Trainee: 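What follows is a structure written as structure tokens; I'll ask about it next.
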Amino acid sequence: MPLSWNEIKTRAAAFSKEWEDETSEDAEAKSFWDDFFNVFGINRRRVASFEKLVNKLDDRQGFIDLLWKGVILIEHKSRGKDLNKAYQQAKDYFPGLKEKELPRYILVCDFEKFRLYDLENSTQHDFTLSQLKDNVGLFGFIAGYEKKTYKEQDPVNIEAAELMGKLHDKLKAIGYTGHELELYLVRLVFCLFSDDSNIFEKGILYDYIDQRTAEDGSDLAMHIDSIFNVLNTPPEKRLKTLDEQLAAFPYVNGKLFEERLLPAAFDSEMRRTLLDCCLLDWGKISPAIFGSLFQSVMDEKARRNLGAHYTSEKNILKLIKPLFLDELWAEFNKVQSSKVQLQKLHDKISTLRFLDPACGCGNFLIVAYRELRLLEIEIIKRLLKLSGIREEVLKEAKMDAAYLVKCNVDQFYGIEYEEFPAQIARTAMWLTDHQMNMQVTETFGEYFVRLPLQKAATIVHGNALRIDWQTLIEPMPWEKGETKFDFILGNPPFIGHHLQTEAQKSDLHFVLNEIQAAGVMDYVSAWYCKASEYLEKYNINQTIKVGFVSTNSITQGEQVGILWFYLINKYKLKIHFAHRTFKWSNEAKGVAAVYCVIIGFSNFDIPIKKLFEYETVNSEPHVVEARNINCYLVDAKNIFISNRTNPICPVPSMMYGSKPTDNGNFLLTDNEKIEFLHKEPGSKKFIKPFISAKEFLNNERRWVIWLVDAKPEEIRTLPEVLKRVEAVRVFRESSVAASTRNYKYHTLFRQVTQPKSDYVLVPRHSSENRAYIPFGFFDKESIVADSCNSIPNATLFHFGILTSLMHMAWIKYTCGRIKSDFRYSKDIVYNNFPWPENPGDKQKEAVEKAAQAVLDARAQFPNSSLADLYDPNTMPPALVKAHQQLDKAVDLSYRPQPFINETKRIEFLFELYDKYTAGLFVKEKKKK
């Protein structure tokens with residue numbers, strides 16, 4: 001148990017007085033350093049050794065005065081000697097040390113002067129023996145009070161995952177698998193963490209394994225079992241003859257060590273791996289990454305790619321700050337001058353309940369609990385100040401921390417489908433609690449630890465979509481009436497409908513049974529419905545709020561009109577805050593980025609809503625206030641865009657492209673076309689240009705054998721064509737799709753939707769990086785592939801409107817996506833697009849003129865593809881200027897003033913859409 005800072009300072013003063021007149025040389029150095037470590041309540045013999053022999057850089061050997069492996073190297077000199085030379089001597093020992101033994105700190109001393117080097121932070125501190133009392137804080141790493149800096153991709157995290165992964169693989173190889181293996185590893189990790197974070201006396205786990213177990217590992221499992229048993233046994237129930245080293249392990253309780261596991265087995269290599277694990281500084285591993293680390297332990301490929309499993313704290317804070325944390329801090333700032341109001345706030349935060357119904361390893365719960373405890377510490381500090389205790393003497397006051405601290409882990413609840421992550425989440429919450437208790441100790445000067453564990457986070461192993469969430473809560477004795485969750489939060493799984501298992505589809509239909517077309521919904525939508533049901537039933541006092549991270553697909557495309565129409569109309573949901581699409585990435589190599597939104601909502605309204613906007617998916621957000629946040633995450637009225645078969649405005653209809661389903665038999669490259677015509681010159685009139693999105697965007701050419709108007713007698717005279725038709729027949733008749741097998745027109749494409757006139761071509765998929773989706777004009781002889789849509793009879797005016805930022809704004813907010821790339825839909829995007837209301841001839845002419853200028857600018861670069869021309873890095877200035885002029889002309893066809901940004905454009909378009917679909921469209925008056 002660490003000493004309080006008050007006790008450490010008292011001991012430091014006594015140490016300085018005892019040694020102030022010491023003039024002896026090396027003979028007394030050992031006693032000096034034994035006494036120095038005792039100042040901090042540490043038995044030097046347990047952690048550090050004198051006179052370690054090492055090979056120096058010049059190939060000579062030397063003795064390190066004192067080494068605590070991986071922590072500190074001490075070089076002691078006689079009084080008055082040069083400390084600079086002592087420091088260099090200490091550095092000369094480094095080549096002779098193993099990587100794990102290299103210290104973070106070097107301390108040089110001559111009995112009177114001390115100099116401490118922090119090699120990690122490149123700092124140096126000098127003080128005298130008499131000033132030790134005022135500098136004990138520099139040695140928090142000895143006392144157990146070191147402030148940790150956690151890095152998501154810190155090497156210690158990777159090394160810990162690799163070492164534990166080795167142990168996992170070895171145990172699994174000998175047949176120790178399943179539940180026993182998972183729980184065994186969680187227990188070991190708890191012990192390793194405890195050995196470095198003052199739950200255990202520092203270093204006792206390593207010492208016990210190193211000193212009491214055979215080098216061949218044959219008895220290691222037996223000893224580990226003994227440790228687990230002791231950790232689960234209260235002191236009063238332990239054997240009076242219990243081994244002294246075993247008795248040093250505290251009673252943990254908390255049910256972590258309650259279950260009896262089958263004994264494991266170890267060999268010498270496994271024992272060495274476990275000892276190597278003990279040498280790592282587990283105190284550097286944040287509990288927020290703890291769970292993800294040990295998920296990676298179970299997956300050998302993921303161990304060096306830890307970020308693939310990790311939800312960064314930065315992203316978690318994007319959710320919890322606007323959901324509850326900002327409001328609680330604002331309340332603290334408002335009432336910090338009132339002791340009564342602060343006490344009420346303290347009571348309030350200690351009774352809040354949080355649920356993550358897809359908690360995984362508990363990352364969201366861990367960060368939420370940590371932030372709540374940090375707020376609590378500030379409340380306590382302020383209360384003490386208001387009680388007359390000054391900031392600078394807080395540590396001197398003998399505060400009963402157990403009395404001061406009210407927040408606890410039992411305020412947090414989770415549901416997790418997999419057993420192992422559920423175990424990890426529960427354990428990680430204990431570790432977080434302990435870290436926060438250490439911060440309380442650091443702040444208020446009295447050691448505070450909750451052992452044995454009396455309370456725990458409630459983490460249920462089960463299917464959140466089949467569980468009644470309210471059943472997790474057991475009311476506290478003092479609570480009256482029905483208790484409830486205050487905040488529901490998390491990152492439920494996003495799984496598109498085409499990737500769902502049968503069990504997941506069943507879950508989805510179980511929850512969304514009232515929603516038509518539920519089969520196209522993402523799996524995450526079920527959590528929105530479950531949360532909405534909970535709000536309807538329990539949010540009588542309008543206090544419960546929900547915040548979820550989700551795939552951006554639930555705010556785009558056809559899912560919006562299905563899901564949100566149901567939620568808003570049935571449950572009266574209101575979106576309180578939202579982050580628009582951003583890239584959820586962890587900067588780890590090989591990690592596929594996910595494009596997400598964050599949505600905070602409830603079934604009551606609030607006056608001020610917050611929208612977090614992103615200039616790009618990689619940029620930092622800026623917040624704007626909104627009157628109403630609709631389901632497209634726009635400050636506009638609630639509208640629901642659904643599939644339409646016809647445009648809402650009087651414009652030409654859009655058509656799908658033609659679908660071959662031919663196994664490539666009707667398609668030809670340039671060379672294949674030449675060879676084919678050489679064999680069969682009579683087929684020339686049936687070979688036409690074939691325009692897919694790939695050919696269109698990349699300036700490539702392909703051809704198609706197009707037999708729509710071919711007469712039977714013509715085809716029969718073309719044997720090479722007949723071979724192709726026969727190959728198509730064979731391919732289609734072997735299809736798994738009945739509709740394809742039953743299709744009898746083997747001379748034709750499976751779907752024929754070729755325009756009868758010239759048309760504008762629209763690629764259905766396009767990169768998000770382009771400022772504009774390139775459209776183009778084609779004649780009716782160019783066959784449109786099913787990767788494109790077409791607009792027959794489209795004019796320059798239509799082309800101009802569609803090739804503008806106005807239309808792009810509509811696309812960004814309404815179309816579906818493949819990852820982050822646009823997936824243009826005729827039924828959602830085009831047919832619902834609000835065209836300008838009654839543009840005059842002048843406005844139309846301006847748009848047509850500017851549209852032609854865009855085509856002319858493209859024509860200046862005949863050897864460049866549209867992919868080249870519309871790449872943001874290579875787009876020619878002439879084309880940029882042409883588009884800018886077109887954007888201005890299009891803006892002025894909608895209203896007299898140009899739009900200043902995309903947000904204003906989309907807000908205007910939603911208002912116009914609402915007007916059109918409400919039947920308020922005013923037709924242009926006939927001119928007299």
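All figures in this text were calculated on a predicted structure; none of them were measured in a lab. Heavy-atom basis, side chains included; hydrogens, waters and symmetry copies ignored.
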Trainee: Just say parallel, tilted or perpendicular for the rings of Tyr528 and Trp564, cut-offs at 30° and 60°.
Mentor: perpendicular
Trainee: Hey, does Tyr566 have a side-chain heavy atom less than 4.5 Å from the side chain of Cys529?
Mentor: yes
Trainee: Any non-hydrogen side-chain atom of Leu633 less than 4.5 Å from a side-chain atom of Ile599?
Mentor: yes
Trainee: State which residues pass ring pair (Phe, Tyr, Trp, His ring centres under 6.0 Å) with His346; sequence neighbours excluded, sorted by chain then number.
Mentor: none
Trainee: Using 4.0 Å as the upper bound for N to carboxylate O, is an ion pair formed by Arg373 and Asp433?
Mentor: yes
Trainee: What verdict does the salt bridge (Lys or Arg N to Asp or Glu O under 4.0 Å) test give for Asp486 and Arg353, after you've listed the backbone C-alpha separation in whole Å, the side-chain angles of each residue and the deciding distance to 0.1 Å?
Mentor: CA-CA 5 Å; Asp486 297 279; Arg353 281 191 169 89; over 6 Å; no
Trainee: Are Lys484 and Thr543 close enough that a side-chain donor and a side-chain acceptor fall under 3.5 Å?
Mentor: yes
Trainee: CZ/Arg580 to CZ/Phe612 distance, rounded to the nearest 0.5 angstrom?
Mentor: 12.0 Å
Trainee: Applying side-chain hydrogen bond (donor to acceptor under 3.5 Å, both in side chains), name anything that partners Asn539, two or more places apart in sequence or on another chain.
Mentor: Ser602, Asn603
Trainee: Got a salt bridge between Lys545 and Glu327, using NZ or NE/NH1/NH2 to carboxylate O under 4.0 Å?
Mentor: yes
Trainee: What is the ring orientation for Phe139 with Phe40, classed by angle as parallel under 30°, tilted 30 to 60°, or perpendicular over 60°?
Mentor: tilted
Trainee: Between atom CD of Gln439 and atom CD of Gln435, what is the distance when rounded to the nearest 0.5 Å?
Mentor: 9.0 Å
Trainee: Before you tell me yes or no, could you show the steps for Asn638 and Asn628 under side-chain hydrogen bond (donor to acceptor under 3.5 Å, both in side chains), namely the whole-Å CA-CA distance, both residues' side-chain angles and the distance that decides it to 0.1 Å?
Mentor: CA-CA 8 Å; Asn638 288 331; Asn628 183 69; 3.3 Å; yes
Trainee: Could you point out which residue of Lys314, Lys318, Lys583 forms a salt bridge (charged side-chain N to carboxylate O under 4.0 Å, His left out) with Glu620?
Mentor: Lys314
Trainee: Please round to the nearest 0.5 Å and tell me the distance separating atom NE2 of His622 and atom CD of Glu613.
Mentor: 4.0 Å
Trainee: Take atom OH of Tyr417 as the centre, draw a 6.0 Å sphere, and report whether it contains more than 12 heavy atoms from other residues, nucleotides or ligands.
Mentor: no
Trainee: Can you check whether Phe548 reaches Val524 side chain to side chain, under 4.5 Å on heavy atoms?
Mentor: no
Trainee: For Tyr534 and Phe485, take the angle between the two ring planes, folded into 0 to 90°, and tell me which bin it lands in: parallel under 30, tilted 30 to 60, perpendicular over 60.
Mentor: tilted
Trainee: Say you draw a straight line from CD1 of Ile488 to CG of Leu355; how long is it, rounded to the nearest 0.5 Å?
Mentor: 5.5 Å
Trainee: Find the distance between CD (Gln411) and NZ (Lys455) and round it off to the nearest 0.5 Å.
Mentor: 8.5 Å
Trainee: A side-chain contact here means heavy atoms from C-beta on lying under 4.5 Å apart; do Phe582 and Ser619 qualify?
Mentor: no
Trainee: So do Ser532 and Leu573 actually touch side chain to side chain, heavy atoms under 4.5 Å?
Mentor: yes
Trainee: Take Leu535 and Val546, measure what side-chain contact (heavy atoms from CB on, under 4.5 Å) needs, and give me the verdict at the end.
Mentor: CA-CA 9 Å; Leu535 290 171; Val546 183; 4.0 Å; yes
Trainee: Without hydrogens or angle criteria, can the side chains of Ser16 and Lys133 be said to hold a donor-acceptor pair below 3.5 Å?
Mentor: no
Trainee: Using side-chain heavy atoms (C-beta onward) and a distance below 4.5 Å, is Asn315 in contact with Val549?
Mentor: no
Trainee: Compute the ring centroids of His125 and Tyr105, then answer whether they are less than 6.0 Å apart.
Mentor: no
Trainee: Run Asp635 and Glu907 through side-chain contact (heavy atoms from CB on, under 4.5 Å) and show every step you take.
Mentor: CA-CA 7 Å; Asp635 184 4; Glu907 289 173 358; 3.5 Å; yes
Trainee: State whether the side chain of Trp282 and the backbone N or O of Ser194 hold a donor-acceptor pair below 3.5 Å, judged by distance alone.
Mentor: no
Trainee: In terms of relative ring orientation, are His579 and Tyr614 parallel, tilted or perpendicular, with 30° and 60° separating the classes?
Mentor: tilted
Trainee: Rounded to the nearest 0.5 Å, how far apart are NZ of Lys339 and CD of Gln341?
Mentor: 13.5 Å
Trainee: In the structure I gave you, are the side-chain heavy atoms of Phe332 and Glu378 within less than 4.5 Å of one another anywhere?
Mentor: yes
Trainee: Would you say the ring centroid of Phe354 lies under 6.0 angstrom from that of Phe324?
Mentor: yes
Trainee: Any ion pair linking Glu331 and Lys334 (charged N to carboxylate O, less than 4.0 Å)?
Mentor: no
Trainee: Tell me, with the steps shown, if Tyr413 and Trp469 meet ring-ring contact (aromatic ring centres under 6.0 Å, His included).
Mentor: CA-CA 10 Å; Tyr413 301 75; Trp469 296 353; over 10 Å; no
